There are 2 protein chains.
Amino acid sequence: MLHDAAQLDLMFQALADPARRQMVDRLSRGPASVSQLAEPLAMSLSAVVQHLNVLEASGLVRSEKMGRVRTCQIEPTALRAAEHWINERRLAWERRLDRLGDFLAESKDEN
Amino acid sequence: MLHDAAQLDLMFQALADPARRQMVDRLSRGPASVSQLAEPLAMSLSAVVQHLNVLEASGLVRSEKMGRVRTCQIEPTALRAAEHWINERRLAWERRLDRLGDFLAESKDEN
DNA sequence: GCAATAGTGAAGTAAGTGCTTCAGTATTGA
DNA sequence: TCAATACTGAAGCACTTACTTCACTATTGC
């Protein structure tokens with residue numbers, strides 16, 4: 001499981017576009033073909049394929065071609081890595097606040 | 001608490017850059033001035049201020065100027081919104097897999 | 001007061017992003 | 001077999017990003 005800086009770059013960059021998040025959202029409800037991913041989006045199929053390439057490069061989505069249909073699905077471990085990075089920083093911040101709270105409470109007791 | 005598409009764009013975009021993630025990482029360990037944020041980064045102070053503007057526009061960081069020093073800190077609710085978006089999609093996918101697993105187990109029982 | 005500190009703002013630039021269109025290939029179903 | 005389907009790939013173009021430098025302002029400590 002890679003979650004080095006470059007991989008996180010690619011994942012957050014991939015999630016920064018509303019069309020790509022919509023594609024991830026669709027895939028979170030089950031696998032889909034490229035055309036199915038494209039259907040709700042107001043852009044050319046080519047554009048959708050380019051978005052799909054970004055998602056695959058980031059590791060968030062995996063796809064496989066059977067006959068003329070490419071079927072895509074979510075790669076949950078990658079989602080988990082992005083989630084984990086955010087969670088760690090938020091927890092660190094909250095733990096710090098807790099310690100600060102304890103310190104202030106103790107200071108108050110001493111007066 | 002906004003977490004509409006545009007806000008998520010800004011947050012994920014903000015997190016897509018390693019310098020900005022390093023700044024968030026630093027801030028997760030406590031407030032810091034602009035110069036303190038800049039210190040480990042191999043770029044001009046101007047560049048750091050521009051990154052800081054991106055972080056503030058995304059809502060991930062808040063800052064306040066006292067005298068000549070601007071002190072920055074994390075806004076944990078924004079971090080939580082990004083975390084939440086990812087978590088929802090991952091859970092949807094995992095729930096779907098569970099149902100699929102149940103279905104396959106039942107099919108097997110029937111044979 | 002005055003030098004050092006801390007940050008601000010504008011302009012310029014090279015590279016990257018998000019599309020488009022158009023021309024193609026491979027598969028499928030009647 | 002042949003038209004429809006489902007992509008694929010390349011080129012081009014407007015816009016954005018991530019810096020740089022340089023000139024500048026506001027505070028602070030001596």
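Every value quoted in this text rests on a predicted model; they were computed, and no experiment measured them. Sequence lines set the chain letters: A, B, ... in the order given, protein chains first and strands last, and positions in each chain run from 1.
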Requested in this report: Report the residue (A:L45 or B:A16) whose heavy-atom-nearest nucleotide on DNA chain D is the more 5′ of the two.
Outcome: A:L45
Query - Short side-chain N/O contact from A:R68 to OP1 or OP2 of C:dT25, under 4.0 Å - result: no
Requested in this report: Check whether the side chain of B:Q50 and the base of C:dT8 form a donor-acceptor pair under 3.5 Å.
Outcome: no
Report task. Measure distances between side-chain N and O atoms of B:S46 and base N and O atoms of D:dT21, and say whether any donor-acceptor pair falls under 3.5 Å. Result -> yes
Query - 5′-ward residue of the pair A:M66/A:A47 relative to DNA chain C - result: A:A47
**Report entry** Nucleotide nearest A:R20 (side chain, heavy atoms from C-beta), chosen from C:dG18, C:dG9, D:dC7
**Finding:** C:dG18
Report summary line: The residue, A:V34 or A:Q13, whose nearest nucleotide of DNA chain D is more 5′ is A:V34
Report task. Using a cut-off of strictly less than 4.0 Å, decide whether A:K65 has a side-chain nitrogen or oxygen near OP1 or OP2 of D:dT8. Result -> yes
Query raised in the report: Does B:E83 come within less than 4.0 Å of A:R90, counting only side-chain N to carboxylate O?
Result: yes
**Report entry** Any donor-acceptor N or O pair under 3.5 Å, side chains A:S58, A:Q13
**Finding:** no
Query raised in the report: Which part of the nucleic acid, if any, lies within contact of B:S44, taking any heavy atom under 4.0 Å across all strands shown: a base, the sugar-phosphate backbone alone, or nothing?
Result: base
Query raised in the report: Is there a side-chain polar atom (N or O) of A:H51 under 4.0 Å from OP1 or OP2 of C:dC19?
Result: yes
